[in-house]
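All values below were derived from every heavy atom in this structure, side-chain atoms included, with hydrogens, water molecules and symmetry-related copies excluded.
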Amino acid sequence: MKKLLLATALAVTTHAAAQTYNMPSGTNSYSTCSGTFYDSGGSGGNYGGLQDRVITFCPSIAGNKVRVTFTSFDIEEDFEYLYVYDGNSTAAPSMGVYTGTVSPGVAQATGSNASGCLTFRFTSDLFDNFAGWAATITCIAPCQTITSNFVSSNPAPGAGGIVRICQGQNVNFVGSGTFSSSGTGATYTWDFGDG
């Protein structure tokens, strides 16, 4: 009985934590790394006419990037548009303009986007409002940048930075890595691509 109550409580807690975001009136911004994003009609209705709406999703976890995965997409072709921007406003670089059933698929903040946010603008005309879209909001932790550094070799490089050895001789290379966040626990493997 205790296990059943615990499982029920966890299910209710998990369900309550999932946020739903319908395309709001005007311009709005949210910090989140989970939820479902719908057009203004929500999960069961069509969006309205004569809309010009903007929503921005920023990561609620510092350093992460927002990813929005569209699971359905149906707006009136060539009359209604969803614009996607790689940043926290419509002044950010465009990631595309979508109409009809051509979905954005997966929209993800790029590595050059320091805010990690994505902005969506939707415009509709007065007539023929369709089912709209459904999308899942998540966040990803970007990979860190690692730069390999040549420190020294034995024998040392000669003219032009070339290490010259005879067949059968050994060479010892010393290198290091520069990490954008942490190199704790890193191991190094050199691959010169020559087998």
| message | Could you check whether atom CZ of F79 has more than 12 heavy atoms from other residues, nucleotides or ligands sitting under 6.0 Å from it? | response | no

| said: Which heavy atom of N88 sits nearest to which heavy atom of T119, and what is that distance? | reply: C-OG1, 3.3 Å

| Is a side-chain N or O of R53 found less than 3.5 angstrom from the main chain of G26, in a donor-acceptor match? | no

| message | Please tell me whether Y47 and F130 form a close aromatic pair, meaning their ring centres lie under 6.0 Å apart. | response | no

| task | Please name the pair of heavy atoms, one in G42 and one in N22, separated by the smallest distance, quoted to 0.1 Å. | result | CA-OD1, 3.5 Å

| query | Out of curiosity, Q19 CD to S60 OG, how far, rounded to the nearest 0.5 Å? | reply | 11.5 Å

| Short side-chain to backbone donor-acceptor contact, D52 and T123, under 3.5 Å | no

| query | For the atom pair CD1 (I137) and OG1 (T32), what is the distance rounded to the nearest 0.5 Å? | reply | 5.5 Å

| said: Would the distance check show the side chain of S34 and the main-chain N or O of T138 forming a donor-acceptor pair, the cut-off being under 3.5 Å? | reply: no

| said: Please find the pair of heavy atoms, one from C117 and one from A109, that lie closest to each other, and give the distance. | reply: O-CB, 3.9 Å

| query | Where is the tightest heavy-atom contact between G87 and N113, given as atom of each residue plus distance? | reply | N-ND2, 3.4 Å

| Looking at residues at least two apart in the chain, or sitting in another chain, which of them share a side chain to side chain contact (heavy atoms under 4.5 Å, CB included) with V163? | S153, P155, P157, I165, V171, F173

| field | Closest contact, heavy atoms only, N64 versus C139 | value | ND2-CB, 3.8 Å

| task | For this output row, return yes or no: ring centroids of F120 and F37 closer than 6.0 angstrom. | result | yes

| field | Closest contact, heavy atoms only, V66 versus C58 | value | CG2-C, 3.6 Å

| request: First locate atom CD1 of I75, then atom CG of D125, and finally report the distance between them rounded to the nearest 0.5 Å. | output: 10.5 Å

Return all side-chain donor-acceptor pairs below 3.5 angstrom for residues 92-107, not counting sequence neighbours, or 'none' if the list is empty.
residue	atom	partner	partner atom	Å
S94	OG	G96	N	3.2
Y98	OH	M95	O	3.2
T99	OG1	E76	O	3.2
T99	OG1	D78	N	2.8
T99	OG1	E80	O	2.8
S103	OG	G105	N	2.8

| query | Atom CD1 of I61 and atom CD1 of I140: how far apart are they, to the nearest 0.5 Å? | reply | 11.5 Å

| task | Take N170 and N172, measure what side chain to side chain contact (heavy atoms under 4.5 Å, CB included) needs, and give me the verdict at the end. | result | CA-CA 7 Å; N170 290 328; N172 183 33; over 6 Å; no

| Min side-chain heavy-atom separation T136-V68 under 4.5 Å | no

| query | Could you go step by step and tell me if S40 and Q51 meet the side chain to side chain contact (heavy atoms under 4.5 Å, CB included) rule? | reply | CA-CA 9 Å; S40 64; Q51 294 185 347; 2.8 Å; yes

| query | For V54 and T90, what are the C-alpha separation, side-chain angles and deciding distance, and is it a side chain to side chain contact (heavy atoms under 4.5 Å, CB included)? | reply | CA-CA 8 Å; V54 177; T90 56; 4.1 Å; yes

| Hey, quick one: are L118 and L82 part of the same hydrophobic cluster, counting side-chain heavy atoms closer than 4.5 Å, chains of contacts allowed? | yes

| field | Cation-pi geometry met for R121 and Y83 (6.0 Å, 45°) | value | yes

| message | For G48, is there any backbone N or O sitting under 3.5 Å from a side-chain donor or acceptor partner on S124? | response | yes

| remark: Checking Y38, F73, W133, Y81 against F122 for ring-ring contact (aromatic ring centres under 6.0 Å, His included), the one that qualifies is W133

| field | Residues T56 and N28: side-chain donor-acceptor under 3.5 angstrom | value | no

| said: Please say yes or no: joined through hydrophobic side-chain contacts below 4.5 Å, possibly via intermediate residues, are Y21 and Y85 part of one cluster? | reply: no

